[in-house]
Number of protein chains: 2
Amino acid sequence: MQPKRIIEAKQKARTPLLGAIYETADDLARLGLIEKRTMSRYQALCLAPVEPFDAEQIRLLRKRQRLSQTVLAAVLNTSPSTIRKWEAGEKRPSGPSLKLLNLLARKGLDGVV
Amino acid sequence: MQPKRIIEAKQKARTPLLGAIYETADDLARLGLIEKRTMSRYQALCLAPVEPFDAEQIRLLRKRQRLSQTVLAAVLNTSPSTIRKWEAGEKRPSGPSLKLLNLLARKGLDGVV
DNA sequence: ATTTTTTATATCACTTAGTGGCATAGATAA
DNA sequence: TTATCTATGCCACTAAGTGATATAAAAAAT
């Protein structure tokens with residue numbers, strides 16, 4: 001009787017990235033190197049860190065993508081007035097907004113369309 | 001002397017998607033079918049519409065991706081308490097949050113990592 | 001050259017999403 | 001049994017986000 005795979009029941013990987021991570025974690029678990037309990041954290045660990053963007057960096061990012069404030073607002077599904085305030089330093093982007101800015105910076109416009 | 005390309009000066013496409021759109025728009029402009037002025041709108045028009053997500057749909061999306069509330073929060077760069085409130089119907093996701101949920105639904109986890 | 005449109009800036013008051021803490025309870029795995 | 005993860009509930013607070021509108025500069029049309 002084969003040793004059971006530890007993750008399959010609850011966590012069936014749907015994406016290539018998580019798939020690879022699950023397999024690795026599964027191997028580690030069978031080797032006794034990690035507890036199954038630890039695994040749920042790996043899902044979070046594989047996330048690219050979200051970098052902060054200050055006012056000028058946001059403007060630079062927008063210019064680099066050749067977008068107007070209005071179009072960037074549409075891309076991020078927010079309002080032009082919000083974009084303006086970010087670039088004026090009056091407000092700072094929320095968590096999810098920062099995440100989108102990071103995606104835009106790393107993957108380009110196609111990555112967030 | 002060749003007819004000038006209408007967009008090249010200001011708008012040099014960086015991404016495949018916008019590149020194709022710019023070319024198309026440029027052709028249309030040279031054919032006299034659209035004004036250059038109209039072009040900036042095409043940037044916005046090519047965005048996938050952002051669908052609303054209600055409480056149950058958010059939970060379904062999360063379950064389908066096999067994520068806990070905590071991990072989904074990490075993915076979207078928000079707090080677990082926010083996810084909880086979405087799924088409880090106490091709060092509704094902000095614009096950028098909705099955008100991220102849409103990306104997750106359409107592209108899967110790899111699309112937002 | 002002048003007219004029109006886009007783009008960006010600015011200010012206002014308001015709404016509401018988001019946060020953090022903490023306590024409870026169920027499910028799961030050691 | 002014991003420990004951990006997961007989810008829920010309640011609280012009050014903060015700050016991001018919105019919408020309207022007015023102005024000015026930049027860009028592109030005629």
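Numbered from 1 within each chain, the chains take letters A, B, ... in sequence-line order.
Lys63(A) places its NZ atom 9 Å from the C1' atom of dA8(C), with the value rounded to the nearest Å. Rounded to whole Å, atom C1' of dA27(D) lies 16 Å from atom CZ of Arg66(A).
At least one donor-acceptor pair under 3.5 Å links the side chain of Gln57(B) to the backbone N or O of Asp54(B). Of the possible donor and acceptor atoms, one in the side chain of Arg62(B) sits under 3.5 Å from a partner among the backbone N and O of Leu67(B). The backbone N or O of Pro96(A) sits nowhere less than 3.5 Å from a side-chain atom of Asn77(B) that would complete a donor-acceptor pair.
The distance from the CD1 atom of Ile83(B) to the CG atom of Leu76(B) is 5.0 Å, given to the nearest 0.5 Å.
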Reading nucleotides 8-22 of chain D from the 5' end, what letters show protein touch, with B for base, S for backbone sugar-phosphate only, - for no heavy atom under 4.0 Å?
BB-B----BBBB---
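Applying a 4.0 Å cut-off to non-hydrogen atoms, none of the residues of residues 49-56 of chain B approaches DNA chain C.
Between Val113(B) and Val75(B), every side-chain heavy-atom pair lies at or beyond the 4.5 Å cut-off. The side-chain heavy atoms of Leu100(A) and Lys99(B), taken from C-beta on, include a pair separated by under 4.5 Å. With contacts defined as side-chain heavy-atom distances shorter than 4.5 Å, the pair Pro93(A)/Leu101(A) qualifies.
With sequence neighbours left out, Ala55(B) forms a side chain to side chain contact (heavy atoms under 4.5 Å, CB included) with no residue at all.
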